[in-house]
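See structure below.
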6 protein chains.
Amino acid sequence: MRRPSGRNPDQLREIRITCHYTKHAEGSVLVEFGDTKVICTASVDSGVPRFLKGKGEGWVTAEYGMLPRSTHSRMDREAGRGKQGGRTLEIQRLIGRSLRAAIDLKALGENTITIDCDVIQADGGTRTAAITGGFVALSIAIQHMLKKHVIKKNPIHGQVASVSVGIYNGIPVLDLDYAEDSQAETDMNVVMNEAGHFIEVQGTAEGHAFRKDELNAMLELAERGINQLLEKQHEALYGKLDSAA
Amino acid sequence: MRRPSGRNPDQLREIRITCHYTKHAEGSVLVEFGDTKVICTASVDSGVPRFLKGKGEGWVTAEYGMLPRSTHSRMDREAGRGKQGGRTLEIQRLIGRSLRAAIDLKALGENTITIDCDVIQADGGTRTAAITGGFVALSIAIQHMLKKHVIKKNPIHGQVASVSVGIYNGIPVLDLDYAEDSQAETDMNVVMNEAGHFIEVQGTAEGHAFRKDELNAMLELAERGINQLLEKQHEALYGKLDSAA
Amino acid sequence: MRRPSGRNPDQLREIRITCHYTKHAEGSVLVEFGDTKVICTASVDSGVPRFLKGKGEGWVTAEYGMLPRSTHSRMDREAGRGKQGGRTLEIQRLIGRSLRAAIDLKALGENTITIDCDVIQADGGTRTAAITGGFVALSIAIQHMLKKHVIKKNPIHGQVASVSVGIYNGIPVLDLDYAEDSQAETDMNVVMNEAGHFIEVQGTAEGHAFRKDELNAMLELAERGINQLLEKQHEALYGKLDSAA
Amino acid sequence: MRRPSGRNPDQLREIRITCHYTKHAEGSVLVEFGDTKVICTASVDSGVPRFLKGKGEGWVTAEYGMLPRSTHSRMDREAGRGKQGGRTLEIQRLIGRSLRAAIDLKALGENTITIDCDVIQADGGTRTAAITGGFVALSIAIQHMLKKHVIKKNPIHGQVASVSVGIYNGIPVLDLDYAEDSQAETDMNVVMNEAGHFIEVQGTAEGHAFRKDELNAMLELAERGINQLLEKQHEALYGKLDSAA
Amino acid sequence: MRRPSGRNPDQLREIRITCHYTKHAEGSVLVEFGDTKVICTASVDSGVPRFLKGKGEGWVTAEYGMLPRSTHSRMDREAGRGKQGGRTLEIQRLIGRSLRAAIDLKALGENTITIDCDVIQADGGTRTAAITGGFVALSIAIQHMLKKHVIKKNPIHGQVASVSVGIYNGIPVLDLDYAEDSQAETDMNVVMNEAGHFIEVQGTAEGHAFRKDELNAMLELAERGINQLLEKQHEALYGKLDSAA
Amino acid sequence: MRRPSGRNPDQLREIRITCHYTKHAEGSVLVEFGDTKVICTASVDSGVPRFLKGKGEGWVTAEYGMLPRSTHSRMDREAGRGKQGGRTLEIQRLIGRSLRAAIDLKALGENTITIDCDVIQADGGTRTAAITGGFVALSIAIQHMLKKHVIKKNPIHGQVASVSVGIYNGIPVLDLDYAEDSQAETDMNVVMNEAGHFIEVQGTAEGHAFRKDELNAMLELAERGINQLLEKQHEALYGKLDSAA
């Protein structure tokens, strides 16, 4: 069996994280998993949503969108249709939960950080790219808040990254692109922290149900991929923060 | 450690599946996981959604709702707010995917079955009750179609059931009720078929990230619980079909 | 002429009112008019809508919904369509007005009671069942408020109940089921209080316009039916309150 | 007791029906009940709504709106709020039902007539003015269809008109204006045909429940008022049709 | 070349401005440009939108609507469709901007004036009629505020009026009616103040792009037309204010 | 007087047009006017909107959006708010009209081209950048259609470009950036074709009304700027088409 891209089963696509991609946001990143390209911005606002008022905690939330022609055939614009679809809401809830797991909301004070993840080109794995890039945008925004003395200590307690794994043509593979994703028998998105623990595990049988041993094989691939992504995040943040000094 | 309900860690709540609960639907069930009560109806319509037209396949889809006061404090009615929330959409997508995994859509012919899962009382685990009860409602509707000669052979290729597991006070527990669910460090919903394979695995760290060994312990509990649920489904269906003969 | 159900023209369907049907609401009832089954819950919240702020009065309002497959053929879910239809809004306005006529809003203090009426099985007369059962749920919630010392004196100044009447096959009949309702020449919903006075009278000619003498005959039937419903309400409330003592 | 307007209890406001008020509609009327002014247009389209396709019948439907400053204080524009309120939907359903009672839908053929009733100045009784004026607009549109040979025989089988009655300061009064309407203990809208039979009777207790004898007194006033309105309609139509000959 | 109406190229339609057309609004006008008829009301509310709170300034805004059958064929009601279309939003933004240019918002104090422009009959040029009539309604409302001592000095610093111009059959014409508008190669709406300066210039090539000299010819026609409209506004206001003295 | 950017009054910002910016769309461009960056994609679909069915003509339409943090402070996502605002609708109508002026819809056959213009970074002039870049994306899509033999002859009859002009600190300036735009007394967007004729002229007085001589000075600046933009478009297209050969 060969993967359509010619990659080895345990090989990520080329990963690029470009910091400070746009100029207005407190944190801004272009993240690329091969041909999947997502702009992640982190916007800081003082104050919190109503359900948190007066609790002395902050909030991190995420929104997700796709440009209408980020995909093979054009999708209707959600703003025009008048509502966000179920898939969009599901993904932005996942991104928000994953990034909140990286941060001590008490230490954030009564501030809200909104992570906007907008897909400008889709080729599979947009949600995992969004989480991985979103973490970097969040970190840059936190650095900005520290520098401006909005907060005193760094509320981030560890990195978070995400990758997809699946069963393609009967064997477990890492970081599925669209050609694989649309054919995969099982598709799983995994979010982990730098301690190697799980934040989210979402596996879905597409073709046939998957066995325990397949689950384990996928989780091992995911762990290996996420270790590389954590390194890429570190490089992107370290280089940038260094050069900004 | 004790569970608020006094149950053992690997003990399900009392499970009741009442078939033919309402009279108009082709399949209808009241499913109870302890104090969680969900009405599941299966409605058969000829024809399929536009994206399937002319392919000779059928479709199974699900919708989910909660009565405004099925919960501790009253929620706004989604029909009044003018849209279904992200949680609702996420749950109904999950139910639909899970039940489609139980059925051969080609053998269903160009027919659509809609599973409506409406929570009349919530005490944790509404989505897993909905999948478990929804399968029974689907099966009754299929029996009805066979009897009316709408289809010739049974398109169901095996049972599907679902249960939640989690880490509560540091130890893995089965079938969380609301008191546990709202305090759990990790919450996982598992959908399996009668062959013991996974249809869906959705684990979320609420408090702290979970380890591989915790994941495995939870999956084992889920498997044990689902085996009992598959039996309950069989009893409910077998008894009813028997008495209808 | 015979009624499809074999009932006499002045005969109600079997009426059942089950109190405390669900556990979270302050007042909760399953009301059955034959095969028409409606869950009515009364939810108490402190505070009032904006237009009443600072007036020292309370508010009673109602919402109405039907499960998608409560009817012969499945209806679209209003939450999915993104708005409540005209019929729904008309019915919930009627229920709200009728129940407000039973209560002294000044004596309620700045509290709001929301009556949710959700039809789980429809066979004609859902709005009259909702009013009749809604009054019982409201009364239970008021008892709860008195017991919790939220209010000091009972703000209810009398019972309210409702029934439908119509002209079916040329003769006036009481409490139409779906088979009659869909064929009736005239359909009228009447709401009365225990003093025998009218709260609402809504008569609609479906087939041909109705004469004054027909109107009078229908009103007399309605009065007779409502007297029995007031008795059923009293039994349901008295028994339940007794056993709770 | 005196009515705020100085009218006798059984006295209508000044009624004016101006035919051909706007130029594009097949039927168009300005109807005035005193200071209440409503533009009613009847628009003819070939074809029918989906639920009537292929049955060889026509359809008459109504829509209702108020200019934002037709009222004492400005209301939000429903188009801006994104939905029609419950009152609007209730009124346009009432107008539609009332006018359909005047017409043989089979004789209309597969054509749809939409009656738009737009209130440009409100002073109580807008729905009764809309029904009364809407009937005239409908009749003009039917004359237009006959002239253009769209239909062969007149499908109207009799006039329909409407008026409000109520209990104001303890005594029954006819055709309430806003000053009375906002203070009335009971408010009733009555729709009748030229045979003196009822199409709709909608009575609502606002302050206290009303007795049978009050109901009868109101219905008698309504009948008297409607007789005069039927005459006004006839004059408006007869004069106009005459001059068009 | 002849214009369909027989007018000279530089000739306005008959202009009529009827003040105090409806009774509730602080300012109210029926403006007619030939067969185009628009009701303009100005409603005064104390307070300002959130974005102006605490700045000591007032606000003037406009809303625009068309009765469904103000046009040749019936349009769907925007309130029923659930949103205002792009054309509606574009026009009401234009009217608002144009009228704000006539007024010193500081001198208005923290008050909001809403100009509602509702087209009851359309024959081209509804937005220019709305601006021209809207200015008169605004002026009447300001007179009302002065009289009631809500404000001390007149915040209006000059008249504003608007007209359309276009290229029809190759030659520039003033104040296009529908017959011309639907055939014009270029359509331009011009808003000017009494000093002869431009508030808005919006020119659109419909058939072929227009040259600089055509632009100039159109602007000259517009200026001539607007001078006459300013005079009509003055007459309408002067007469009315005179008689009210 | 100095412009905030230090540019001469008649100087454009740096203009960059990057073709084939994303890979799925038939035509795709990143257009930059200084710090204003817009992704323009052209998507080709066979078929036309309902109002054009069977006329043998094609359609070109545009949609416009801004990423939530493309601006100084974060804007709400229109998809989340459930509707597109008035400004969005106004801009996408303008882009669509402008690009339709460049093309012979008959020669396009029954095909629809949708131009999506998504602002990833805003610094003034997003709509003029969108038109200028949108034309290039449209042209690339047309080349694609010719190559694929979807159409036989090129339906584009000339280039179209757009720029903003305004009065800033009393003098006319070309291509306003945000710092100027937010302070300008007058703001004008001009769309022209390669023959030097006008497609759209939209001038708005922000601070004070503008005189005829100011209008003329702005139009001359616009013409000069558009000539340079037409050249940039030509370079972008010529280079790309050359290399693709």
Side-chain angles (χ1 to χ4, degrees), chain A residues 61-64 78 81-98 100-102 104 157-160 167 185-216 218-220 222-223 226, chain B residues 61-64 78 81-98 100-102 104 157-160 167 185-216 218-220 222-223 226:
Chain A
T61 186
E63 298 197 2
Y64 172 92
E78 290 191 320
R81 264 188 291 151
K83 62 176 174 179
Q84 296 176 300
R87 180 184 169 277
T88 294
L89 293 173
E90 197 170 315
I91 291 176
Q92 64 193 21
R93 284 158 56 91
L94 170 65
I95 303 171
R97 278 199 312 273
S98 299
R100 279 194 295 280
D104 176 358
H157 46 55
Q159 281 172 247
V160 164
I167 310 287
E185 292 124 43
T186 291
D187 180 26
M188 180 174 279
N189 295 294
V190 180
V191 186
M192 293 178 86
N193 64 18
E194 59 180 286
H197 297 169
F198 297 105
I199 309 288
E200 286 270 344
V201 172
Q202 294 199 342
T204 299
E206 304 282 355
H208 70 90
F210 53 97
R211 298 183 311 271
K212 189 68 185 295
D213 62 296
E214 290 174 321
L215 175 63
N216 282 330
M218 288 190 285
L219 291 175
E220 265 161 53
E223 193 172 351
I226 284 172
Chain B
T61 185
E63 298 198 3
Y64 172 91
E78 291 192 320
R81 266 188 290 150
K83 61 175 175 181
Q84 295 176 300
R87 180 185 168 277
T88 295
L89 294 173
E90 196 170 315
I91 291 175
Q92 65 194 19
R93 284 158 56 90
L94 170 65
I95 303 170
R97 278 199 310 271
S98 299
R100 280 193 294 279
D104 175 357
H157 45 56
Q159 282 173 246
V160 164
I167 310 285
E185 293 125 42
T186 291
D187 181 26
M188 179 173 278
N189 294 296
V190 180
V191 186
M192 293 178 85
N193 65 17
E194 61 180 287
H197 297 170
F198 297 104
I199 309 288
E200 286 270 343
V201 172
Q202 295 199 342
T204 299
E206 304 282 353
H208 70 91
F210 54 96
R211 297 185 311 272
K212 190 69 184 295
D213 63 297
E214 290 175 320
L215 174 63
N216 282 330
M218 288 189 285
L219 291 175
E220 265 161 53
E223 192 171 351
I226 284 172

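Because only heavy atoms are used, hydrogens play no part in the values below, and waters and symmetry mates are left out as well, while side chains stay in. Lettering follows sequence order; numbering is per chain, from 1.
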What's the separation between atom [atom1] in [X] and atom [atom2] in [Y], rounded to the nearest 0.5 Å?
| X | Y | atom1 | atom2 | result |
| --- | --- | --- | --- | --- |
| A:Gln202 | B:Gln202 | CD | CD | 4.5 Å |
| B:Leu215 | A:Leu215 | CG | CG | 6.5 Å |
| B:His157 | A:His208 | NE2 | NE2 | 12.0 Å |

So what's closer than 4.5 Å to chain A heavy atoms on [X]: side chain, backbone, both or neither?
| X | value |
| --- | --- |
| B:Arg93 | side chain |
| B:Leu94 | neither |
| B:Arg100 | neither |

[X] versus [Y], closest heavy-atom pair with distance:
| X | Y | value |
| --- | --- | --- |
| A:Phe210 | B:Val201 | CZ-CG2, 4.0 Å |
| A:Glu90 | B:Arg97 | OE2-NH1, 4.3 Å |
| A:Leu89 | B:Gly86 | CD1-CA, 3.7 Å |

Highest number of heavy-atom pairs under 4.5 Å with chain B among A:Ala205, A:Ala101, A:Gly203, A:Gly196 belongs to A:Gly203
Ranking A:Gln84, A:Arg87, A:Glu214 by heavy-atom pairs under 4.5 Å to chain B gives rank one to A:Arg87
